[in-house]
Amino acid sequence: MKLLLDTQILLWAAGEPERLSAAARRQLNNSKNELLFSAASLWEIAIKTSLGRDDFRAEPRLLRRGLLDNGYIELPITSEHAVSIDLLPSLHKDPFDRMLLAQALSEGITLLTADEQLARYPGPVRKV
């Protein structure tokens, strides 16, 4: 199964794996799953790190390199993803999370999240 990790799951997997739930660890450690990360997540990390957010302390370039070196697949943002956002109900205001969901819907992949609000969307979203 192809799994797109939301930004928080991605940060925890890369730097604080003890914060992942048991369900998340099972999904990430299952060799049958393809793990993807979005350019939107690295964009979010870069912005929030530059703003001094304590919950986003990561060097985006090093994180990207580490993810690629560990077999994660990068999912670029396309115009199809961008125009799909207007079809989403207004359950969540975070533009980065909305982009991740639009990507998952457009690509037919499952979005893994720890975000209760994001998990309320219909479609391929799994709360772990």
[atom1] of [X] to [atom2] of [Y]: how many Å apart, nearest 0.5 Å?
| X | Y | atom1 | atom2 | result |
| --- | --- | --- | --- | --- |
| Leu100 | Thr113 | CG | OG1 | 8.5 Å |
| Ile45 | Phe96 | CD1 | CZ | 10.0 Å |
| Met99 | Trp43 | CE | CH2 | 7.0 Å |
| Leu28 | Ile9 | CG | CD1 | 7.0 Å |

Can you check whether [X] reaches [Y] side chain to side chain, under 4.5 Å on heavy atoms?
| X | Y | answer |
| --- | --- | --- |
| Leu42 | Phe37 | yes |
| Leu3 | Glu34 | no |
| Leu112 | Val125 | no |
| Ile73 | Leu35 | no |
| Asn30 | Met1 | no |

Note to self: Using side-chain contact (heavy atoms from CB on, under 4.5 Å), reason through Leu101 and Ile85 one step at a time and then give a plain yes or no.
What the structure shows: CA-CA 8 Å; Leu101 182 58; Ile85 289 175; over 6 Å; no
Search all heavy atoms of [X] against all heavy atoms of [Y] and return the closest pair with its distance.
| X | Y | answer |
| --- | --- | --- |
| Ser41 | Leu5 | OG-O, 4.1 Å |
| Leu105 | Gly123 | CD2-CA, 4.4 Å |
| Ala39 | Glu74 | CB-OE2, 4.5 Å |
| Lys48 | Asp94 | NZ-OD2, 3.7 Å |
| Gln103 | Ser38 | OE1-OG, 2.5 Å |
| Leu20 | Ala13 | CD1-CA, 3.9 Å |

Check: Is Arg120 salt-bridged to Glu116, cutoff N-O under 4.0 Å?
Finding: no
Item checked: With Asp97, the side chain to side chain contact (heavy atoms under 4.5 Å, CB included) member among Leu88, Leu111, Leu118 -> Leu118
Next item on the list: Ignoring hydrogens and angles, state whether a donor on the side chain of His81 or Ser84 is under 3.5 Å from an acceptor on the partner side chain.
Entry: no
Next item on the list: Using distance alone, with no hydrogens and no angle criterion, decide if Gln8 and Asp115 have a side-chain donor and acceptor under 3.5 Å apart.
Entry: no
Notebook entry, point to check: Side chain of Glu16, backbone of Glu18: donor and acceptor closer than 3.5 Å?
Noted result: no
Next item on the list: Please test Arg98 against Asp6 for salt bridge (charged side-chain N to carboxylate O under 4.0 Å, His left out), starting from the C-alpha separation and ending with a verdict.
Entry: CA-CA 10 Å; Arg98 291 174 62 81; Asp6 81 356; over 6 Å; no
Next item on the list: Return yes when atom NZ of Lys2 has more than 12 non-hydrogen atoms of other residues, nucleotides or ligands closer than 6.0 Å, and no otherwise.
Entry: no
